[in-house]
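Reading through the structure tokens given below for one structure.
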There are 2 protein chains.
Amino acid sequence: MPNVSDRREALREALVNAAERTIAKRGLAHLRARDLAQEAGCAVGAIYNVFPELDALILTVNLRTLNLFEASIAVPPRGEGGRAIEDLVNLALAYLDFAALNPHRWRALFEHRMSDGAPPPGWYLSEQGRLFRYIEEPLRALCPGLGEEERSLLARSLFSATHGMVALGLDEKLMTLPPAVLRREIQRVVRATGEGLAAKSLS
Amino acid sequence: MPNVSDRREALREALVNAAERTIAKRGLAHLRARDLAQEAGCAVGAIYNVFPELDALILTVNLRTLNLFEASIAVPPRGEGGRAIEDLVNLALAYLDFAALNPHRWRALFEHRMSDGAPPPGWYLSEQGRLFRYIEEPLRALCPGLGEEERSLLARSLFSATHGMVALGLDEKLMTLPPAVLRREIQRVVRATGEGLAAKSLS
């Protein structure tokens with residue numbers, strides 16, 4: 001007979017799986033404790049025994065999304081001088097493709113706010129930070145004069161710029177761009193930015 | 001005694017003003033027909049006589065926001081060759097400042113979706129398009145070889161990239177950047193992009 005800890009772990013897994021299915025298929029806004037309980041075969045109150053706040057449940061799903069994105073990066077940056085700009089372009093395209101293929105999962109990364117308004121917990125932030133290193137590596141080759149903190153800031157800024165192009169480009173409201181055009185635009189802007197950064201760093 | 005058309009116009013103005021106050025102070029999510037009617041001194045049903053869909057009311061407020069942003073551009077681009085990159089940087093900083101000073105108004109530009117899922121009406125899109133010309137002018141000097149359509153696409157891509165940096169930079173969730181750091185990062189990335197575009201265009 002499974003002990004309490006095993007049963008708790010099994011319920012935790014069932015809840016995360018149920019939440020992941022809902023977020024992936026219908027989006028974060030459709031996540032309801034009642035539906036989760038039904039899918040996981042428990043009482044609504046039992047959810048709160050495992051996840052006192054739904055934040056941790058949602059962030060666990062978002063972490064799976066971050067891992068899925070990481071696995072989707074077909075050409076990991078190699079940080080070699082001559083390929084640094086292509087590495088940045090490939091990362092931006094991988095981000096576009098992931099967002100286009102997993103719209104609900106992807107939006108949930110940005111839609112979720114901690115219920116107490118605090119920043120997300122360290123375990124989540126450190127995984128998020130790990131992904132930024134994929135951008136920091138090519139930047140190390142491209143702008144060798146940048147200090148570690150500057151490089152980390154720049155990696156986040158480049159991510160934000162790419163995110164803006166992906167988010168508005170996939171949003172039918174502000175502009176509807178055919179996928180091939182959006183792709184080419186992202187390539188064009190990321191490449192120009194990389195070239196400008198490299199030129200700056202050489203001058 | 002005011003005629004029907006005058007009264008209708010006065011009610012329209014009162015409703016737009018009331019909606020503008022709510023959106024500017026509390027955000028689009030707090031807009032309620034009941035509150036609007038109370039503020040404008042009319043019955044709830046009277047709102048729908050003037051604005052059969054609330055979309056047109058919200059877009060009228062958003063148009064005022066676009067105009068306010070346009071008026072805030074302290075240094076309009078002059079489209080001269082040597083200043084084109086600085087023009088792009090100044091536009092990006094004007095956008096950052098506007099978003100930081102008018103967070104609710106600014107977010108409403110992106111939060112609103114037409115109730116029927118259609119694109120916004122032509123009168124709104126053409127005003128939105130007019131603002132993109134502020135970016136197109138420096139691009140004309142920077143990349144003289146680009147055709148009109150390419151330039152228009154690139155202007156929107158540069159806007160999206162800047163929007164991403166502003167939106168995530170002002171969002172306490174993904175990263176909390178001190179205002180001076182966010183400013184410097186936006187300058188750095190926009191300048192690098194401008195330099196990369198200019199170099200490309202010369203090569």
Side-chain angles (χ1 to χ4, degrees), chain A residues 85 92 109-114 117-120 124-125 128-129 132 142-143 146 149-150 152-178 181-182 184-201 203, chain B residues 85 92 109-114 117-120 124-125 128-129 132 142-143 146 149-150 152-178 181-182 184-201 203:
Chain A
I85 292 176
L109 297 174
F110 300 92
E111 282 168 0
H112 176 249
R113 295 286 180 279
M114 299 296 287
Y124 184 79
L125 289 177
Q128 204 182 52
F132 284 118
L142 213 56
C143 315
L146 276 191
E149 202 186 321
E150 294 275 289
S152 158
L153 275 172
L154 182 56
R156 283 160 193 259
S157 301
L158 292 188
F159 166 73
S160 299
T162 301
H163 174 76
M165 287 187 285
V166 169
L168 297 184
L170 293 179
D171 185 323
E172 63 295 337
K173 195 205 159 211
L174 191 72
M175 35 194 160
T176 325
L177 291 184
V181 174
L182 179 55
R184 206 194 52 208
E185 285 294 309
I186 288 174
Q187 284 174 307
R188 187 208 298 266
V189 171
V190 174
R191 190 168 288 135
T193 310
E195 283 167 0
L197 288 169
K200 190 99 195 163
S201 151
S203 68
Chain B
I85 292 175
L109 297 175
F110 300 92
E111 283 168 0
H112 176 249
R113 295 287 179 281
M114 299 296 287
Y124 184 78
L125 289 178
Q128 205 182 51
F132 284 119
L142 212 56
C143 314
L146 277 191
E149 202 186 320
E150 292 275 289
S152 157
L153 274 172
L154 183 55
R156 282 157 195 260
S157 301
L158 292 187
F159 166 73
S160 300
T162 302
H163 175 76
M165 289 187 283
V166 169
L168 297 185
L170 292 179
D171 186 320
E172 63 295 339
K173 196 209 158 206
L174 192 71
M175 35 194 161
T176 325
L177 290 183
V181 174
L182 179 56
R184 206 195 51 207
E185 285 295 308
I186 288 174
Q187 283 175 310
R188 188 208 297 268
V189 171
V190 175
R191 191 167 288 137
T193 309
E195 282 165 3
L197 288 170
K200 190 100 196 160
S201 149
S203 66

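A, B, ... follow the sequence lines: proteins, then strands. Residue 1 opens every chain.
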Open item on the list: For the NE2 atom of His163(A) and the NE2 atom of His163(B), what is their distance to the nearest 0.5 Å?
Closed with: 7.5 Å
TODO: With sequence neighbours excluded, tell me which residues meet side chain to side chain contact (heavy atoms under 4.5 Å, CB included) with Glu185(B).
DONE: Leu153(A), Leu154(A), Ser157(A), Val181(B), Arg188(B)
Open item on the list: With rounding to the nearest 0.5 angstrom, report the CG to CZ distance, Leu168(A) to Phe159(B).
Closed with: 6.0 Å
Open item on the list: To the nearest 0.5 Å, what is the distance between OG on Ser160(B) and CG on Leu182(A)?
Closed with: 8.5 Å
Task: Distance, nearest 0.5 Å, that separates CD of Glu195(B) from OG1 of Thr193(A) - done: 11.0 Å
